[in-house]
Amino acid sequence: MAEPAPFLDAAPDAARAASVDALPDAADAVDAARPRRSDATRAAILAAARDRFAADGYERATIRAIARDAAIDPSMVMRYYGNKAGLFAAASEIEVHAPDLSHFPRDEAGARLVRHFVERWECDETLTAMMRVGVTNEAGAERMRGVFADQIEPVLAAVCPVPEEAPTRAALIASQILGMALCRYVLHLPPAVGLGRDELIAWLAPTVQRYLTAEHP
């Protein structure tokens with residue numbers, strides 16, 4: 001019998017080689033897609049959790065309701081965060097990245113602090129979500145108090161005339177910044193919403209500057 005023509009076997013061999021060569025690329029694509037899906041799932045869970053904690057409070061909010069809001073299976077919430085306490089801790093994690101005011105002229109401190117927070121409020125929905133949570137349940141309020149004690153008071157202590165007064169001054173500054181944030185980003189009061197960013201900063205900065213550096217009245 002005649003030997004089969006070489007080209008008859010060459011085509012399947014080439015196809016097999018091509019398919020084998022393609023496998024690493026396909027695997028790499030799957031591996032690259034997994035982190036993106038994971039990040040999207042986590043983001044959806046955290047967004048749903050913040051809304052649910054704000055609406056129902058910590059005690060009444062459930063993993064099942066949060067999963068339903070995020071359009072995923074409850075087991076995925078447990079997989080990523082373990083339990084409701086772990087989920088709340090992740091959903092309420094805030095880094096305000098307050099500027100080091102000691103690096104700037106003292107009379108600019110108020111304006112720089114206000115600008116920093118206004119810009120953060122307008123680009124980070126986590127802060128707005130946690131504002132809603134903080135005014136509706138004690139767990140959220142406690143987390144907000146912790147943020148100010150740990151991240152804001154040390155910044156103020158570095159520039160205020162009497163470092164021991166930093167907690168009091170932080171509370172006064174919070175009354176301005178959080179008060180405006182509540183009116184502008186949560187309650188959406190029309191006059192507060194209507195202020196331009198620079199106009200808002202110009203109104204708030206002198207008061208914050210006084211709270212920050214003025215002598216005790």
Problem set entry | Derivation of the side-chain contact (heavy atoms from CB on, under 4.5 Å) call for L200 and L204 | CA-CA 6 Å; L200 176 62; L204 291 180; 4.0 Å; yes

Exercise. Please walk me through it: do Y81 and I66 pass side-chain contact (heavy atoms from CB on, under 4.5 Å)?
Worked result: CA-CA 12 Å; Y81 299 105; I66 291 167; over 6 Å; no

For this session: Just do the side-chain contact (heavy atoms from CB on, under 4.5 Å) check on R132 and D51 with the steps written out, would you?
Result: CA-CA 8 Å; R132 296 199 303 270; D51 288 343; 2.7 Å; yes

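For CD of E199, the number of neighbouring non-hydrogen atoms (other residues, nucleotides, ligands) closer than 6.0 Å is greater than 12. Within 6.0 Å of CD on E93 lie no more than 12 heavy atoms contributed by other residues, nucleotides or ligands.
For the residue pair Y58 / E138, no side-chain donor-acceptor distance below 3.5 Å is found, with atom types taken as modelled.
When all heavy atoms of M131 and L182 are compared, the closest pair comes out as CE-N, 3.8 Å. Considering all non-hydrogen atoms of both residues, S175 and Y211 come closest at OG-CE1, 4.4 Å.
With rounding to the nearest 0.5 angstrom, the CG atom of L212 is 11.5 Å from the CD atom of E165. Here the CD1-OH distance, from I45 to Y80, works out to 6.5 Å after rounding to the nearest 0.5 Å. In this structure, CD1 in I173 is found 11.0 Å from CG in L178, a value given to the nearest 0.5 Å.
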Show me the donor-acceptor pairs, under 3.5 Å and distance only, between side chains in residues 153-160 and residues at least two apart or in other chains.
none

